[in-house]
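Quick notes on the structure that follows.
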Amino acid sequence: MNDLETEEKVDVLVIGAGPSGTVAAAILQKKGLHVKIVEKQKFPRFVIGESLLPRSMHNFEKADFIDVIEQAGFQKKYGAKFADKHEICDFDFASQFSDGWTWTWQVKRDRFDHILAEEVMRRGICLDYEAEVTAVRFNQDGSSVTTVEKAGCTSDIRARIIVDSSGYGRVLPRLLDLDQPSGLPERSSFFCHVKPKEVSDDKERMRIIIIVYTNDVWGWVIPFADGTSSIGIVGSPEGVHRYEGSKEKQMRKWIAEIPALKERFTDCEMVFEPRTITGYASAVKQLYGNGYVLTGNASGFVDPIFSSGVTLATESAALAAELISEQLAGKTINWEKDYAQYILGGVDVFKTFIEAWYAGDLQKIFFSNSPNEKIKQQICSVLAGYVWDSGNPFVKKHDRALSNLVKVVSY
Ligand SMILES: Cc1cc2nc3c(=O)[nH]c(=O)nc-3n(C[C@H](O)[C@H](O)[C@H](O)COP(=O)(O)OP(=O)(O)OC[C@H]3O[C@@H](n4cnc5c(N)ncnc54)[C@H](O)[C@@H]3O)c2cc1C
């Protein structure tokens with residue numbers, strides 16, 4: 001095939017069809033821009049990240065995705081429950097401090113991402129599966145030529161701007177040498193989907209639960225509407241991989257070891273062989289440049305503990321799309337202030353909570369005997385993803401508010 005024959009021109013090229021890519025593309029199309037998505041894999045494809053946060057609903061709303069997700073009948077999520085060996089700390093999103101959505105969903109991402117991808121295609125956006133971005137050349141004016149490989153053929157796509165939503169693929173960070181150390185210790189996760197012998201329709205059993213195992217290891221149970229659940233163990237690589245044997249044997253040892261898992265998942269069927277992801281924390285030197293914006297995991301990832309990934313992925317996508325449409329309409333955008341500082345401000349709030357979790361401080365707060373209702377609502381808001389609500393002291397002065405509270409509950 002002749003390269004020239006396959007060259008396309010678009011306003012915006014989106015790399016990756018995860019939630020970040022589809023939210024960005026849908027909003028850009030609503031603004032009247034000509035958008036194309038290139039996606040390396042064929043959907044449906046597995047990706048981890050199954051528990052959403054209420055804040056992400058605002059972004060799905062901006063992309064007009066709520067109805068199509070609702071129709072799919074995913075398990076609804078109304079709060080977050082943390083348990084250690086003796087106690088439970090229950091957060092109900094209906095009692096959060098910030099205004100906004102008070103519920104969301106627990107989703108199998110293969111189906112969820114596929115639904116969003118099909119929806120943007122139904123709206124007329126060209127989404128090319130099994131099309132991998134392998135190179136990009138930028139011109140001085142920020143326009144670019146992207147090389148895409150598909151079925152052994154190479155083609156070029158000219159775009160006025162690129163949205164890199166390539167998730168763990170991290171296309172532009174790799175091609176433009178934007179990676180930088182995350183500064184976080186290496187952690188590992190070990191997870192699978194399981195089908196319990198007895199499926200329960202008990203509402204409590206359909207709730208996500210985060211289990212504190214030891215200071216350096218915690219686990220998740222995320223029940224799905226079809227009766228299966230995602231279970232995962234996260235922590236230091238030595239902590240997570242302390243057992244020997246096949247991956248299934250190791251997972252069965254974890255199930256036997258943690259009472260909340262043992263009771264529900266002994267003799268369960270494993271829907272797929274347990275998988276490991278290690279060293280997922282990442283960061284970049286810059287979130288934008290002349291002719292591109294990084295959104296979602298391509299712009300960095302901190303830790304799975306508070307299920308922040310899809311919320312940050314869609315928040316950055318929705319904001320990038322708004323700013324791009326203004327820029328392409330001729331407005332000068334202050335990307336540092338209006339994009340990078342805003343997104344990283346939210347990431348910083350999550351980071352403070354994540355560091356407090358791994359230091360054991362957050363557990364002290366969660367399982368303290370004297371919960372102050374107002375403070376619980378403010379913390380609940382952060383756990384619901386409202387990390388840009390500057391009226392919340394646990395957002396505005398997250399470092400100080402959390403360290404002061406730890407001192408109080410430690411007395
Ligand atoms: C152990 C673990 C547990 C997690 N749990 C949660 C959770 O409960 N809740 C939550 O919100 N988040 C969670 N996350 C984070 C979540 O996985 C990500 O934040 C989220 O998937 C990011 O979405 P995205 O759209 O940026 O990227 P993705 O969903 O990864 O999509 C990126 C897409 O880009 C495509 N791509 C890659 N390279 C190329 C290329 N060269 N050319 C074209 N396409 C390409 C990929 O095929 C992929 O489909 C977890 C992460 C880990 C590690």
Side-chain angles (χ1 to χ4, degrees), residues 13-25 36-56 59 77 80 104-110 112-114 116-117 127-136 146-150 157 162-175 184 186-192 208 210 218-222 230-235 240 274-282 294-318 320 347 350 383 385:
L13 177 67
V14 178
I15 309 175
S20 200
T22 48
V23 163
K36 180 183 173 86
I37 308 179
V38 281
E39 165 55 54
K40 184 172 145 181
Q41 301 185 61
K42 191 171 178 346
F43 277 22
R45 58 88 178 89
F46 180 86
V47 68
I48 196 70
E50 297 147 334
S51 157
L52 308 183
L53 300 182
R55 174 72 211 190
S56 66
N59 302 318
K77 170 179 168 184
T104 184
W105 287 286
Q106 292 155 197
V107 301
K108 283 189 185 171
R109 287 285 303 281
D110 53 356
F112 182 79
D113 290 13
H114 195 204
L116 301 189
L127 191 169
D128 218 352
Y129 287 119
E130 298 181 279
E132 179 177 2
V133 170
T134 54
V136 183
T146 297
T147 305
V148 176
E149 285 187 17
K150 180 168 174 152
I157 301 170
I162 294 175
V163 176
D164 183 3
S165 306
S166 60
Y168 301 98
R170 308 171 55 68
V171 171
L172 290 187
R174 288 182 208 274
L175 291 176
L184 295 160
E186 185 178 76
R187 297 205 169 94
S188 192
S189 65
F190 183 53
F191 54 86
C192 69
I208 179 173
I210 307 294
W218 59 273
W220 78 65
V221 179
I222 304 173
S230 171
I231 59 173
I233 309 293
V234 183
V240 170
R275 301 176 189 188
T276 296
I277 308 182
T278 300
Y280 33 72
S282 63
L294 310 180
T295 70
N297 266 41
S299 67
F301 180 66
V302 188
D303 192 272
I305 175 66
F306 299 121
S307 304
S308 58
V310 172
T311 297
L312 292 170
T314 53
E315 187 84 17
S316 53
V347 171
F350 277 122
L383 300 181

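Each residue takes its place number in the sequence, starting with 1. All ligand and atom numbering here is 1-based and tracks the order in the structure. Computed from a predicted structure; not experimentally measured.
Residue nearest to atom 29 (O) of ligand 1, selected from Arg109, Lys40, Glu149, Glu39: Arg109 (by heavy-atom distance). Here the shortest heavy-atom distance to atom 10 (C) of ligand 1, taken over Pro304, Ser51, Ser20, belongs to Ser51.
With hydrogens and angles ignored, the 3.5 Å screen pairs a side-chain donor or acceptor of Lys150 with a backbone N or O of Tyr129. Listed for the Arg109 side chain is a donor-acceptor partner under 3.5 Å among the backbone atoms of Gly49. One N or O on the side chain of Ser166 and one on the backbone of Val171 form a donor-acceptor pair closer than 3.5 Å.
Under 4.0 angstrom from ligand 1, there are no non-hydrogen atoms of Ala317. At a heavy-atom distance under 4.0 Å, no atom of Leu52 approaches ligand 1. With a heavy-atom cut-off of 4.0 Å, Pro19 touches ligand 1 through backbone and side chain alike.
For the pair Asn297 and ligand 1, the shortest N or O to N or O distance falls below 3.5 Å.
Taking a 4.0 Å cut-off on heavy atoms, Ala131 registers as neighbouring ligand 1.
Atoms of ligand 1 lying under 4.0 Å from at least one heavy atom of Gly296, given by number and element, are 26 (O). Set against the non-hydrogen atoms of Gln41, the atoms of ligand 1 under 4.0 Å away are 46 (C), 47 (O).
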